[in-house]
S.K.: 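Provided herewith is a single structure, encoded as structure tokens, for subsequent inquiry.
Throughout, numbering of the chain's residues begins at 1 and tracks the sequence. All values below were derived from every heavy atom in this structure, side-chain atoms included, with hydrogens, water molecules and symmetry-related copies excluded.
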Amino acid sequence: MHVLPTSPATSKPSFVTLLTIILCFAFFFNSAWAQAKQQGPSQIGPTDIAPINTGPTQTVPYSHAYYEKTTIADLSVPDEAVSFLTLGDWGRNGHFYQKHVAKWLDIASYQLDAEFIATTGDNFYDNGIASVDDPYWISSYEAVYHQPHLFINWHPVLGNHDYRGNWQAQIDYSVKSRRWEMPAQYYSKTLALDDGATALLMFIDTSPLNPDYAREAKYQEAYEQGASEQLSWINTMLAQDQYTWKVVIGHHPLYSSGKRYGKTNAIKDVLEPVFHKHNVNLYIAGHEHDLQHNQLAGDELVHVVSGGGSEVRPVGNYEFTQFAKSTGGFVSVSMTAKSIFLNYIDHQGKKVYAHTINKPNTASSSSTL
């Protein structure tokens, strides 16, 4: 007969055994903690490390008192002026200066009673977005530009980085979002000013117009669309003479005091003759990650670069450079029947430069702060 093996009888540990175990654990943890303190903060657990300051807090108590206390000094324009803000090269999940710029964009919108925000492209880095439901819409746009006075209309244009993704989804998002208004790749808007004056604003798509992209595989989809149809539309719109001011907003600058100095001739040769032919007053672009005012001697066409929405790059000083600063920030545009007031605001909420464009026969003026 086989006898099944039986488990050994269990017995409760003695008091001495329990006390020995407790003392061993206490000695182990005490030694580990002492060693961690000697090795410095990098060896201590995450809860012991001070949090990194990632920018303006998301719990600001927005109130009249907040906007009375938080202001951009010397930011004033005539009461009758119609204002809008220009922001470029910004979509980076809140990284670099994006959150800081968003804070002061809201303040400027409040102070100037801005009508809308125009983007100069590269709305989403590095490779655009996938669809209207891409989480990037939340992390790079909705959650960053959440302040009360940024819930006005946004009129975007496409940049080269937007073409690396689903650029059509940025147009389609206009149906999903109340404030994102991008009806097509290129479109126009008319502003009614004081004394019956009007301003024509042209939002153009410069990537299909840029001959440099004929040799770049990642932008073939943009360049292969061709330029003739859009150029015909640009010429037709700008040929109308009833407007007091003509302003064009695109992505690629015709002149650069930044990284691409000397490398903008291709797009300049396409657009500059058109702008001169039709007496365009102001061209606003991005692409360069900084703030610039470029203008040739004797030429009334003002070139603005508003590309400081997030990351920044170095700038230089050239024969056409009126102002250039490597800083995060944006440019506000305020228009009356007689003048256009440009104010350059950095990511710290400081007005760093201003320029006024007056109608012919009246001298324009600039000031650097």
Side-chain angles (χ1 to χ4, degrees), residues 54-63 66-77 81-125 137-157 159 177-182 201 203 249 284-286 288-292 304-312 325 327-335 341-354 369:
T54 57
T57 177
Q58 301 294 312
T59 58
V60 172
Y62 297 105
S63 63
Y66 168 76
Y67 288 103
E68 289 175 2
K69 180 179 66 175
T70 312
T71 61
I72 300 169
D74 302 318
L75 181 61
S76 62
V77 297
V82 176
S83 299
F84 63 94
L85 310 175
T86 64
L87 175 72
D89 304 83
W90 46 271
R92 291 186 181 272
N93 270 330
H95 298 155
F96 302 101
Y97 293 125
Q98 189 181 3
K99 290 181 180 179
H100 299 79
V101 173
K103 170 186 175 179
W104 294 106
L105 196 71
D106 173 61
I107 300 300
S109 179
Y110 172 77
Q111 287 186 233
L112 297 174
D113 192 20
E115 294 283 330
F116 60 90
I117 297 166
T119 83
T120 58
D122 279 1
N123 306 315
F124 297 95
Y125 284 96
W137 283 107
I138 304 301
S139 60
S140 266
Y141 177 56
E142 302 289 359
V144 176
Y145 306 100
H146 61 84
Q147 295 86 343
H149 299 285
L150 299 184
F151 279 84
I152 54 180
N153 292 340
W154 286 56
H155 297 305
V157 299
S177 168
R178 170 57 187 85
R179 60 173 171 165
W180 186 272
E181 294 199 355
M182 186 180 187
L201 274 61
F203 301 84
I249 301 168
I284 306 173
E288 296 287 58
H289 301 176
D290 45 56
L291 302 179
Q292 302 177 26
V304 167
V305 171
S306 180
S310 178
E311 182 194 34
V312 300
K325 187 171 183 179
T327 181
F330 57 94
V331 179
S332 69
V333 182
S334 301
M335 311 180 75
F341 303 91
L342 304 174
N343 287 290
Y344 290 58
I345 314 299
D346 72 8
H347 62 274
Q348 296 178 317
K350 298 178 181 178
K351 188 171 87 167
V352 293
Y353 179 74
L369 303 179

S.K.: What is the distance from atom NE2 of H146 to atom CZ of F151, rounded to the nearest 0.5 Å?
M.R.: 8.5 Å

S.K.: Heavy atoms only: give me the nearest G91-S140 pair and the separation to one decimal.
M.R.: C-OG, 3.6 Å

S.K.: Can you name the residues that form a side-chain hydrogen bond (donor to acceptor under 3.5 Å, both in side chains) with S306, not counting sequence neighbours?
M.R.: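 side-chain hydrogen bond (donor to acceptor under 3.5 Å, both in side chains) list for S306, sorted by chain: T86.
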
S.K.: Is there a side-chain contact between L85 and L105 (heavy atoms, below 4.5 Å)?
M.R.: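 They are in contact (side-chain heavy atoms under 4.5 Å apart), so the answer is yes.
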
S.K.: Of all heavy-atom pairs between V77 and S83, which one has the smallest distance, and what is that distance?
M.R.: CG2-OG, 4.2 Å

S.K.: When you compare the side chains of W90 and D122, does any donor N or O come within less than 3.5 Å of an acceptor on the partner?
M.R.: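 W90 vs D122: no donor-acceptor pair found between side chains.
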
S.K.: Once you measure the plane-to-plane angle for Y145 and Y141, does it fall in the parallel (<30°), tilted (30-60°) or perpendicular (>60°) bin?
M.R.: tilted

S.K.: Can you run down the salt bridge (Lys or Arg N to Asp or Glu O under 4.0 Å) pairs that involve residues 137-151, sequence neighbours left out, and say none if there aren't any?
M.R.: E142-R179

S.K.: List for me each residue that meets ring pair (Phe, Tyr, Trp, His ring centres under 6.0 Å) alongside Y97, sequence neighbours excluded, and say none if there are none.
M.R.: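 Ring pair (Phe, Tyr, Trp, His ring centres under 6.0 Å) check on Y97 returns H347.
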
S.K.: Only pairs at least two apart or in different chains count here, so list each side-chain hydrogen bond (donor to acceptor under 3.5 Å, both in side chains) that has a residue in residues 66-75.
M.R.: Y67-D106

S.K.: Do L201 and F84 have side chains that approach each other closer than 4.5 Å (heavy atoms only, starting at C-beta)?
M.R.: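 Yes, close enough: below the 4.5 Å cut-off.
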
S.K.: Checking F341 now: which residues fulfil ring pair (Phe, Tyr, Trp, His ring centres under 6.0 Å) with it, not counting sequence neighbours?
M.R.: none

S.K.: Could you measure the distance from the CZ atom of F203 to the OG1 atom of T120? Nearest 0.5 Å is fine.
M.R.: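 Going from CZ on F203 over to OG1 on T120, the span is 11.5 Å.
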
S.K.: Nearest 0.5 Å, what's the CG-OG1 distance between D346 and T327?
M.R.: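 Between atom CG of D346 and atom OG1 of T327 there are 4.5 Å.
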
S.K.: Hey, can you pull the donor-acceptor pairs under 3.5 Å for the side chains in residues 108-117, sequence neighbours left out?
M.R.:
unit_1: S109; atom_1: OG; unit_2: H149; atom_2: O; d: 2.7
unit_1: Q111; atom_1: OE1; unit_2: I72; atom_2: N; d: 2.5
unit_1: Q111; atom_1: NE2; unit_2: I72; atom_2: O; d: 3.2

S.K.: Is there side-chain contact between L342 and V333, with at least one heavy-atom pair below 4.5 Å?
M.R.: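 Yes, close enough: below the 4.5 Å cut-off.
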
S.K.: To the nearest 0.5 Å, what is the distance between CD1 (I107) and CG (L150)?
M.R.: 9.0 Å

S.K.: On a heavy-atom basis, which atom in P156 and which in N123 lie closest, and how many Å separate them?
M.R.: CB-ND2, 4.1 Å

S.K.: Rounded to the nearest 0.5 Å, how far apart are CG of D89 and NE2 of H289?
M.R.: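 Interatomic distance, D89 CG to H289 NE2, rounded to 0.5 Å: 4.0 Å.
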
S.K.: Report yes if the side chains of N153 and R178 come closer than 4.5 Å at any heavy-atom pair, otherwise no.
M.R.: yes

S.K.: Answer yes or no: is there a donor N or O on one side and an acceptor on the other, between the side chain of T119 and the main chain of V157, under 3.5 Å?
M.R.: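 Confirmed, T119 side chain pairs with V157 backbone.
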
S.K.: With side chains defined as the heavy atoms from C-beta onward, is the minimum distance between K350 and W104 less than 4.5 Å?
M.R.: no

S.K.: Is the distance between the ring centroids of H95 and Y125 less than 6.0 Å?
M.R.: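 No, the ring of H95 stays outside the 6.0 Å limit from the ring of Y125, centre to centre.
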
S.K.: Identify the heavy atoms of V101 and G329 that sit nearest to each other, and give their distance.
M.R.: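 The pair with the smallest heavy-atom distance is CG2-N, 3.5 Å.
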
S.K.: Between Q98 (side chain only) and R92 (backbone N and O only), is there a donor and an acceptor less than 3.5 Å apart?
M.R.: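 Yes; judged by distance alone, with no hydrogens or angles, the pair exists.
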
